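A short write-up of the structure that comes next.
What you are looking at is a predicted structure, and each value in this text was computed from that prediction instead of being measured. Lettering follows sequence order; numbering is per chain, from 1. What you see below is based on every heavy atom in this structure, not just the backbone, and it leaves out hydrogens, waters and symmetry mates.
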There are 4 protein chains.
Amino acid sequence: MMTPRLSVQRKEQLESERKAQILRAALTVFARKGFRGATIAEIAKKAGVSEGTIYNYFRNKEDLLLSLPREILAPPLAAHFSPEKEAESPQNFLEKVLMASLEQFTANVDLIRVLLASVPVMDEAAREEYLRRTVLFVSDFLEKYFQKEIARGTYRSLHPSVLARTFFGMFFVFFVTQEILLGKRTVPLTYEEIAKEAVDLFLHGALASKAN
Amino acid sequence: MMTPRLSVQRKEQLESERKAQILRAALTVFARKGFRGATIAEIAKKAGVSEGTIYNYFRNKEDLLLSLPREILAPPLAAHFSPEKEAESPQNFLEKVLMASLEQFTANVDLIRVLLASVPVMDEAAREEYLRRTVLFVSDFLEKYFQKEIARGTYRSLHPSVLARTFFGMFFVFFVTQEILLGKRTVPLTYEEIAKEAVDLFLHGALASKAN
Amino acid sequence: MMTPRLSVQRKEQLESERKAQILRAALTVFARKGFRGATIAEIAKKAGVSEGTIYNYFRNKEDLLLSLPREILAPPLAAHFSPEKEAESPQNFLEKVLMASLEQFTANVDLIRVLLASVPVMDEAAREEYLRRTVLFVSDFLEKYFQKEIARGTYRSLHPSVLARTFFGMFFVFFVTQEILLGKRTVPLTYEEIAKEAVDLFLHGALASKAN
Amino acid sequence: MMTPRLSVQRKEQLESERKAQILRAALTVFARKGFRGATIAEIAKKAGVSEGTIYNYFRNKEDLLLSLPREILAPPLAAHFSPEKEAESPQNFLEKVLMASLEQFTANVDLIRVLLASVPVMDEAAREEYLRRTVLFVSDFLEKYFQKEIARGTYRSLHPSVLARTFFGMFFVFFVTQEILLGKRTVPLTYEEIAKEAVDLFLHGALASKAN
DNA sequence: CATGAATGAGGATTCATTCAT
DNA sequence: AATGAATGAATCCTCATTCAT
């Protein structure tokens, strides 16, 4: 009785892979059709499994949605936004943050699409969890940076939260407008060029009358 | 034989009122449940009409969604963002724009919610129409303003589109994060204070080392 | 607005008829397939309505089951077992009760089938309600009768509850065994003959040695 | 080459034990959820085996149901109701039969529950088999007894079948009502007291006017 | 025009059964 | 022989839409 053919470890790995496979399919379909518009049948087909199999790994459709940020987004985000070598020039540091964010966002356009569509409809707890793992993750990272640097006299003494979100917003809105809402580029600049200009703007302001 | 009880004009007015009444209900429900999650029954109940009546004024559920920006948002927006007295100081002008936007956004949180959730799922044409009447409306207005003022030497010679969306984004992200995503205020500042700081930041930059 | 074409009364009558029509179909199918084995599709077909219509009148499948005794059985039962002319001879009275019960049971074989199959699986509250409207209804009626008659010296001083259920059981088992369990008659006597013998037995006992 | 580890006999015994273990689990779950409501998964869990294993011992779910009376109930029943020492006084004998039945019923409440729920839905053959091994088993035993005793002049010359089922029903209805339908005792008497009263009633009748 | 009952297609979910390991 | 993941048919229920009144 009870003869495990596979080691527990191997089994867990297989299970984890299967979950990821299903979640990737779910993400694609959610992004394309919205949560309600997505059907389990379509997700199953795209994942290459039967409908029933999905329910062996997730409690229900909503569980798929709620598992997305935890299983898909968390690892790369954590890797990117760790409090390390911030000892660079502001321009360099902020540009790097923007480009890293961009990379993440681009790799997860679908997830952001899902987030914008689904978060407002979620209940309190799910919403918190979802945001903490995505938008707020980057925002908090920046806030801490600004706090430290304001203390060091690098930045003007403004509210760190305002600095963080303002900086984040300058760029994020570009991204969302083009990639999520419009679905196409409307400004004839690369993201790298935009990032450079945005950081410059953020650091030195828009006014020409600096000399005065 | 049958004399018309109501003049054609009066009739049209009544019809228009009825449409607005239904659309307001639809907006509320869409915002709360998402497009797919909303039911005609609930919209009908909230509008105080029967389900069948809705189909006398709108072709189908999707028509309700697509009619929202045209009928609900357009008039007030047009009133606010007309190319008039821009001859103020940049700080004053931009603060006014932000506060006016804020007013519009606050009055239409529901519509933005619907927009973020539904636009990505819409087809090309509907998406264009939707955005042109909302986000892009303000953005274009700002772009024209920056174009003119750059020419006049007020602002540095950056891409007007970048300036417009960057400026817009600085503030909009606050709004969306707090009102739409989180559903509550997390920064201990009023929007007026935030607007002031954001404009200051936008004009003069974040760096402390200006003096040098 | 709001022009009711039908009087409220007429509407209620129509609704009531429709409910009855659906319940009759449900009863038949439940009896034949059991509660879980019955499908809404089959009930709908037998009732001559669409599946959706059923949900306009009943919350869900379980509501159909729970509505059965209240809507189908209650009226005729109440009519039959009212505390009236009990001033007959015991033999006459008890025979009449048995024959009346028989009539009810025969007319509601299906309901008893459903009751025996479903009641044990129901939750406390539903079970109480169900039994109070069926088995216990007759049983309580008999109990009150025996209580009164024992006081008058007609019957031996046994526990009225025991008398009631014992008497009821003598006959009921015939009915259930034949009509519900076996599905066919196995005793070569009519129910009328059985009732006569059962009452005789109940009143005078089975022993032959009375004379002694 | 391969020497059998277990003797054929031992093997059969193990198989038989495993079957019994699964059937006991099935009985419990069927009783609690009904046949359709029971899931193989739950039965497997309760039996401490995997779902697949069940199919090594039983063809399918229905086979579990049909195997119940043969494997679970038959042996003890046969032991109890054998045609032996009937040479006791009627009161003694009948009381013993009732108490023995009671013991069997109490030990098999679940089986009776399943029987009442499932038998009406079974096909002809299965129903016969099921009943022959349960209710009719006792009933036939009694019928033979009454037949013999009527010939000996102990009982009045009534139909033996009527006597048997009547006697059986007097008590059985108590049991079913309390244990199966209501799920609780509602009469303040022990089953032993009820059995005594029921036998007394059966033998001597309910009428007080015996003396006359 | 307004109503709301009826419709039935569509979709989430369950679960008996199979079969590779 | 035992396992339990995978399967997909089956089924309850929802809801946009229609249409007779």
Side-chain angles (χ1 to χ4, degrees), chain A residues 1-6 10-11 14-15 18 36-44 48-64, chain B residues 5-6 11 14-15 18 36-45 48-64, chain C residues 1-6 10-11 14-15 18 36-44 48-64, chain D residues 5-6 11 14-15 18 36-45 48-64:
Chain A
M1 248 178 284
M2 298 279 242
T3 333
R5 297 309 142 74
L6 296 169
R10 176 77 182 123
K11 206 164 163 187
L14 277 176
E15 175 164 329
R18 189 52 72 96
R36 303 291 288 244
T39 71
I40 294 291
E42 190 174 354
I43 294 170
V49 300
S50 75
E51 295 175 48
T53 296
I54 290 182
Y55 289 88
N56 286 337
Y57 294 90
F58 299 91
R59 270 197 314 285
N60 51 35
K61 197 179 166 189
E62 200 183 352
D63 192 25
L64 278 173
Chain B
R5 305 296 160 67
L6 298 168
K11 211 163 165 186
L14 275 178
E15 174 163 330
R18 186 56 72 95
R36 303 290 287 239
T39 69
I40 294 291
E42 191 175 352
I43 293 169
K45 194 174 175 186
V49 301
S50 75
E51 300 169 48
T53 298
I54 291 182
Y55 287 86
N56 286 334
Y57 292 92
F58 298 92
R59 265 199 318 286
N60 52 32
K61 198 180 166 187
E62 200 183 350
D63 191 24
L64 279 173
Chain C
M1 252 179 280
M2 300 275 242
T3 335
R5 299 307 143 72
L6 296 168
R10 175 78 183 124
K11 208 167 169 183
L14 277 177
E15 176 165 329
R18 190 52 75 98
R36 304 289 287 243
T39 69
I40 294 291
E42 191 175 353
I43 294 170
V49 300
S50 74
E51 295 177 46
T53 296
I54 290 182
Y55 290 87
N56 286 338
Y57 293 90
F58 299 92
R59 268 197 316 287
N60 50 35
K61 198 179 164 188
E62 200 185 349
D63 192 24
L64 279 174
Chain D
R5 307 293 161 68
L6 298 167
K11 212 163 163 185
L14 275 177
E15 174 163 328
R18 186 57 70 95
R36 303 292 287 241
T39 70
I40 295 290
E42 191 175 354
I43 293 169
K45 195 174 176 187
V49 301
S50 75
E51 298 168 50
T53 298
I54 290 181
Y55 286 86
N56 286 335
Y57 294 91
F58 299 92
R59 268 198 318 285
N60 51 33
K61 197 180 167 188
E62 200 184 350
D63 191 23
L64 279 173

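Protein atom CG of L64(D) is 16 Å distant from nucleotide atom P of dC15(E), rounded to whole Å. Regarding I43(D), its CD1 atom lies at a distance of 16 Å from the C1' atom of dG4(F), rounded to whole Å. Between R18(C) atom CZ and dA5(E) atom C1' there is a gap of 8 Å when expressed in whole angstrom units. Between the C1' atom of dG4(F) and the CD atom of E42(D) lies a distance of 17 Å, rounded to the nearest Å. Across the protein-nucleic acid pair, E15(A) atom CD and dG4(F) atom C1' stand 12 Å apart, rounded to whole Å.
Distance OG1/T39(B) to NZ/K45(B): 10.0 Å, rounded to 0.5 Å.
Taking the side chain to side chain donor-acceptor pair (under 3.5 Å) definition, one finds that R18(C) meets it with Q21(C), sequence neighbours left out. In terms of the side chain to side chain donor-acceptor pair (under 3.5 Å) criterion, residue partners of E42(A) (sequence neighbours excluded) are, by chain and number, K33(A). Legend: residues meeting side chain to side chain donor-acceptor pair (under 3.5 Å) with S50(A), ordered by chain and number and at least two apart, are T53(A).
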Table please: side-chain donor-acceptor pairs of residues 54-64 of chain C below 3.5 Å, with sequence neighbours left out.
residue : atom : partner : partner atom : Å
N60(C)  : OD1  : E62(C)  : N            : 3.2
N60(C)  : OD1  : D63(C)  : N            : 3.0
K61(C)  : NZ   : F35(C)  : O            : 2.9
K61(C)  : NZ   : R36(C)  : O            : 3.4
K61(C)  : NZ   : A38(C)  : O            : 2.8
D63(C)  : OD1  : S67(C)  : OG           : 3.4
D63(C)  : OD2  : R59(C)  : N            : 3.0

Using a 4.0 Å heavy-atom cut-off, write out nucleotides 11-18 of chain F from 5' to 3' as B (base contacted by protein), S (sugar-phosphate only) or - (no contact). SSBBSSBB
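Y57(B) comes within 4.0 angstrom of the backbone, heavy atoms only, and of no base.
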Structure string for DNA chain F in dot-bracket form, Watson-Crick and G-U at under 3.5 Å, | interchain: .||||||||||||||||||||
